[in-house]
Every structure is written in structure tokens, then in C-alpha cells.
Amino acid sequence: MLLIDCPWCGEREHSEFSCGGEGHIARPDPKSASDAEWADYLFMRKNPKGLHFERWFHVNGCRMWFHMARDTVTHEVLAIYGITEKPPKLDGGEGGR
Amino acid sequence: MKYSIFSLMRQARDYHKNWPQAWRSPDPKPEYDVIIIGGGGHGLATAYYLAKEHGITNVAVLEKGWLGGGNTGRNTTIVRSNYLWDESANLYDHSLKLFEGLSKDLNYNIMFSARGVINLAHNESDLKELQRRGHACRLNGIDYELVNPEQIKQIAPIINISKSIRYPVLGGAMQRRAGNARHDAVAWGYARRSDEYGIDIIQNCEVTGIDITDGKVTGVQTTRGSIKTKKIGAVPAGHASVVGAMVGLRMPVESHALQAMVSEPIKPVLDTVLMSNTVHVYISQSDKGELVLGAGIDGFNSYSQQGGVDVIEHQLEGLCELYPIVKRLRIMRTWGGIVDICPDASPIVSKTPVEGFYMNCGWGTGGFKATPGSGWAFAHTIAQDRPHRLNEAFDLNRFETGLLIDEHGAAAVAH
């Protein structure tokens with residue numbers, strides 16, 4: 001069970017939240033993107049073993065989105081930051097592409 | 001040694017002191033024709049069918065832990081083939097047919113038991129989905145019959161078909177040829193027969209890197225040294241992204257923890273398998289008497305073989321309402337495994353853009369039932385360097401062409 005420090009509500013159990021998957025994925029221009037680029041955008045994921053930058057939604061709370069940096073092996077929450085913010089620099093990798 | 005009643009009697013006479021080891025534990029050779037990454041059921045089945053169907057025996061299976069110690073030993077052992085789309089139906093039914101003859105083929109008792117699987121419907125849309133799937137199955141020659149609550153109650157008396165529960169049982173669909181098998185035995189049986197063909201099964205050997213020259217596979221780096229090869233079949237279960245990254249491939253999968261559990265053993269109360277997608281409960285009874293219960297996945301990426309308690313709680317709530325006799329049972333063990341989920345809930349059994357590198361992954365929450373068929377088709381893909389008719393639709397390229405095989409209805413949580 002994760003304890004998630006929602007930027008608006010404070011610490012709550014993870015069952016109040018839903019995970020929106022990998023964060024910082026930029027949508028390519030649908031007019032110029034090739035099939036391969038579009039497939040990459042839609043389906044391909046980093047799915048790292050270790051540091052992961054992801055989006056979370058406080059669905060049973062304030063219903064606000066935010067970003068989280070989390071270790072996918074230990075489940076340690078390493079950073080929580082706003083939905084429009086860039087990922088912080090952390091040991092083990094950087095978010096975004 | 002051939003296992004039979006006579007070998008059993010001979011060994012009994014000698015107080016069971018002279019049973020030979022089921023397979024060797026060799027050191028890796030410097031080079032193999034094919035290397036299989038992952039010694040779970042699918043990897044070992046691939047090795048076996050490479051030898052049996054294609055005569056390729058200079059093969060090594062590299063396993064980072066012990067044989068069948070991952071999802072092969074962690075699933076709820078259910079085998080069925082009642083899928084919606086032709087592509088899946090053909091592949092899973094081929095697998096089910098192989099299961100039916102597997103004990104004899106492997107000379108190893110995998111304890112396949114065609115005790116039937118019933119999928120339950122709890123609302124109108126469930127009923128319609130089961131009917132639609134039933135028509136699809138019949139067109140594909142897969143047995144499938146709709147059953148009403150009273151028939152279900154007759155088959156499985158422990159079920160509560162009262163209309164007053166929160167999600168009442170409105171009906172179900174039964175596949176009588178489906179059932180379950182001993183999961184460990186499937187891995188061990190394949191390992192033993194592969195070993196008899198001369199295939200090296202190398203445990204405690206983790207692949208740490210893959211050598212590529214000019215876009216072609218040339219070898220692997222492992223914790224037990226480097227090994228040369230021109231063909232690699234990766235069967236990494238929950239680690240497809242990790243192994244894919246070794247050759248620069250981005251994979252369309254996300255890894256999640258999936259949980260299961262068993263109750264304390266009780267006398268026989270259930271001789272079939274009951275599954276319910278809507279309330280997310282499935283239940284069968286093992287030969288030891290434990291009720292084998294499957295829960296769902298955690299809703300976020302995970303490589304830790306542990307899941308959240310809330311998922312177990314959710315599954316047990318539904319279980320207690322549907323099968324009230326379990327209320328006073330104790331749960332003996334819970335565990336988790338890492339599964340790779342594809343966006344369309346269908347697997348990838350495919351060539352890749354890297355020459356000599358083949359990928360078999362993305363089986364999500366229901367790979368055990370496919371073990372023989374997956375290995376059979378993957379062995380063909382590796383040996384012939386092209387997919388078999390059975391797995392050509394499960395190409396990695398489908399995410400680019402858009403020809404997805406959406407099996408969320410048949411596969412989502414059910415095994």
C-alpha cells in the first residue's frame with residue numbers, strides 16, 4: 001500500500017487514487033506523424049524497472065491530476081510535482097523523451 | 001528413464017534411492033544455435049518443440065532464478081480456449097489440444113483435468129457478451145454452452161444464486177473441455193524432455209546484455225559469462241521491456257503485479273472452475289483441498305512480486321458474497337507475480353526488427369493456458385524465421401498497422 005502525498009489533500013492511501021500511466025509523453029502532430037511515430041506515441045512505453053515518472057489522479061478525493069516519480073521495484077515515492085511541471089532530476093534517469 | 005508403473009515399482013523396490021535426476025545442470029557451452037531467455041513454461045516449451053518439431057537441439061535455456069519460479073509457479077493453473085476472436089481462439093485452442101495429450105507426449109504427469117470452466121454473468125451486458133462469445137466460439141469449433149443459474153447451482157452447489165445479492169448470478173457460459181493442470185509439472189515435464197534431447201537448461205544464469213553487430217544478434221552476456229549465438233528467443237514474462245531495451249526495442253507493454261492466494265485445505269467442495277470478471281473473483285479447488293483464488297492486478301507499474309492488500313480485500317468481498325461457505329476459512333498464502341499487459345490484452349509472439357531476435361511476451365494475466373501452444377508457435381517462428389499461421393497475427397507490428405486483437409472481454413482479469 002502506497003501512502004501518496006496529494007499536493008492538495010495531503011497523505012492518503014493509494015486506493016483513493018488512480019494511476020494514469022507514464023507521464024511527459026508528447027503528442028506528435030497527427031498530420032505529419034508516420035504510422036511508426038503514432039504507434040510509438042499510442043502504445044510504446046518505457047516501463048522501466050526502477051525510476052518511473054507517471055501521472056496520478058486523485059479520483060476519490062480532490063479529482064486533481066499530478067505527477068509522481070516512483071521506483072517500480074521498491075514502490076518508494078521519490079517526488080511529487082505538478083501536472084504541468086517538468087520532471088525533476090533524480091538518480092537513475094530523467095523523465096520525458 | 002521412461003516413467004511408468006514398472007519404473008515406479010523398480011524404484012520402490014530400491015526404496016526410491018536410485019531415481020536419476022530429471023535434468024542435468026550443465027555449464028554453458030561457448031556457442032549455441034538458439035538461446036532461449038527465460039526458463040518458465042513458455043521458454044521450456046519453446047525449447048522442447050524446437051527439438052521435437054524442428055530437430056534443433058543445440059539449444060540453451062537461460063533462467064535467472066530457478067525453473068518455473070516466476071509466473072509458471074504463481075498462476076492459478078486454469079486452462080481454457082473460449083476466446084472471442086478467430087486469431088486467439090485458434091492459438092488458445094491449439095494449446096488446449098496440446099494440453100490434452102501432454103502427459104503422454106512428455107511422459108510426465110501434468111495432471112491435466114478437464115473439469116470445466118464456467119464464466120459467470122452478473123448483468124445484462126455480461127450475458128450479451130457471453131452470448132456473443134459463445135457464437136464466435138461455436139463458429140471456431142470450440143465447445144461452449146450457456147447455462148442458467150439453476151444449472152450452475154447444480155454443478156457448483158457452493159454458489160449463492162440468490163437474486164438479492166449485490167451482483168446476482170444471471171447466467172454463465174461453460175467450456176467443458178477446459179480445466180486446470182499442475183503448473184510446476186508442466187515446466188518440469190518440458191525441462192526433462194528437452195534435456196533428453198540434449199538441450200542445456202542453465203539455471204541461476206541471468207542475461208545482462210545482448211550483443212548485436214550490424215543489426216544481427218551475435219551473442220548474449222550473462223552472469224555466467226558470454227555465450228555466442230545467432231538466434232535468441234526471448235520469453236521474459238514480466239520483463240519484456242527490460243529485455244527489449246537490451247536490443248533497443250521499445251515494447252507496448254506495462255508490467256503489473258498480479259495476485260493470487262489459497263485458503264487452508266478443506267474437503268472437496270468444488271469440482272469445476274468458476275470465474276467472474278465483473279466482481280473479479282475466480283475460484284477452483286486444488287487436489288490438496290485448498291481453494292485457489294485469483295485476484296486482480298495493481299493499477300500501476302510494478303516490478304515487485306507483491307501486490308496491494310486492497311486488491312485482495314476487493315476479491316475477498318466478492319468471494320464471500322458469491323460463495324458464503326468461505327467466510328470462516330483462513331487464507332493460507334498470498335503471493336504476486338509480474339505480468340506484462342499489452343494494450344489489446346493479446347500476446348506478442350513475433351519476429352523483431354533485430355535479425356535473429358524473437359520476442360514472446362505480453363501474455364498478461366492469462367499465459368499459463370497458452371504454454372504449449374505458445375512454445376509450439378514460437379519454436380516454429382524461430383526455426384523457420386517466419387511466424388506460423390497460428391501466431392502471425394500476434395506480430396509486434398500490429399501496433400503500427402492497427403490490426404489489434406482486442407481480447408479485453410475474454411482475457412481482462414480471467415485466467
Side-chain angles (χ1 to χ4, degrees), chain A residues 1-4 6 12-26 28 30 33-60 65-78 80 92-93 95-97, chain B residues 64 206 208 236-246 248-257 296-314 317 336 338-346 348 352-353 361-362 395-404 406:
Chain A
M1 183 70 81
L2 303 175
L3 265 185
I4 296 175
C6 170
R12 300 293 179 90
E13 291 182 359
H14 84 232
S15 48
E16 286 190 17
F17 298 82
S18 99
C19 180
E22 185 180 323
H24 308 293
I25 298 176
S34 67
D35 284 354
E37 283 166 342
W38 196 251
D40 193 82
Y41 159 67
L42 275 185
F43 298 123
M44 304 300 164
R45 294 292 177 262
K46 285 183 180 166
N47 190 27
K49 187 174 186 173
L51 179 59
H52 191 221
F53 296 90
E54 57 200 9
R55 298 171 305 174
W56 282 78
F57 178 40
H58 198 177
V59 60
N60 295 320
W65 285 89
F66 57 92
H67 275 120
M68 185 196 293
R70 184 177 60 89
D71 190 306
T72 58
V73 181
T74 63
H75 293 179
E76 186 185 359
V77 178
L78 300 161
I80 284 178
R97 294 204 189 140
Chain B
K64 71 175 172 183
E206 181 170 359
T208 53
H239 279 66
S241 299
V242 175
V243 176
M246 291 178 189
L249 273 183
R250 275 164 63 78
M251 299 300 296
V253 296
E254 292 197 286
S255 305
H256 290 264
I297 58 168
D298 280 8
F300 48 87
N301 291 26
S302 171
Y303 282 91
S304 118
Q305 286 174 319
Q306 288 180 344
V309 180
D310 56 323
V311 174
I312 293 178
E313 200 178 346
H314 178 67
E317 282 167 359
I338 301 303
V339 298
D340 270 5
I341 312 267
C342 267
D344 57 355
S346 284
I348 296 163
T352 69
C361 68
D395 198 280
L396 184 55
N397 201 34
R398 74 176 185 267
F399 297 96
E400 204 173 308
T401 60
L403 296 172
L404 303 183
D406 180 7

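Per chain, numbering begins at 1; letters A, B, ... match sequence-line order.
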### Message
Tell me if a side-chain donor or acceptor on B/Arg250 pairs with a main-chain N or O of A/Met44 at a distance below 3.5 Å.
### Response
yes
### Query
Between B/Ser241 and A/Asn47, does any side-chain donor sit less than 3.5 Å from a side-chain acceptor?
yes
### Task
For B/Ser302, enumerate each residue passing the side chain to side chain donor-acceptor pair (under 3.5 Å) test, keeping only those at least two apart in sequence or located in another chain.
A/His75
#### Entry: Proximal component of B/His314, with respect to chain A [non-hydrogen, under 4.5 Å]
neither
### Query
Quick one: salt bridge (charged side-chain N to carboxylate O under 4.0 Å, His left out) partners of A/Arg55, sequence neighbours excluded?
none
### Task
Could you tell me which portion of A/Ser18 (side chain, backbone, both or neither) has an atom closer than 4.5 angstrom to a non-hydrogen atom of chain B?
neither
### Message
Taking every non-hydrogen pair under 4.5 Å, which of A/Ala36, A/Ser34, A/Ser15, A/Gly21 racks up the most with chain B?
### Response
A/Ala36
#### Entry: CD (B/Gln305) with more than 12 external heavy atoms under 6.0 Å
yes
### Task
Tell me, for A/Leu2 versus chain B, whether the close heavy atoms (under 4.5 Å) come from the side chain, the backbone, both or neither.
side chain
### Query
Which pair of heavy atoms, one from B/Glu254 and one from A/Glu22, lies closest together, and at what distance?
OE2-N, 4.3 Å
### Message
What part of B/Asp344 gets within 4.5 angstrom of chain A, counting heavy atoms only: side chain, backbone, both, or neither?
### Response
neither
#### Entry: B/Val311 portion near chain A, given a 4.5 angstrom heavy-atom threshold
neither
### Query
Where do B/Tyr303 and A/Pro48 come nearest, in terms of heavy atoms and distance?
CE1-O, 3.1 Å
### Rounded distance (nearest 0.5 Å) linking atom SG of A/Cys19 with atom CG of B/Asn301
6.5 Å
### Task
Would you mind checking which part of B/Val242 comes under 4.5 Å of any heavy atom in chain A, side chain (CB onward), backbone (N, CA, C, O), both or neither?
side chain
### Query
For chain B, which of A/Glu54, A/Glu37, A/His14 has the most heavy-atom pairs under 4.5 Å?
A/His14
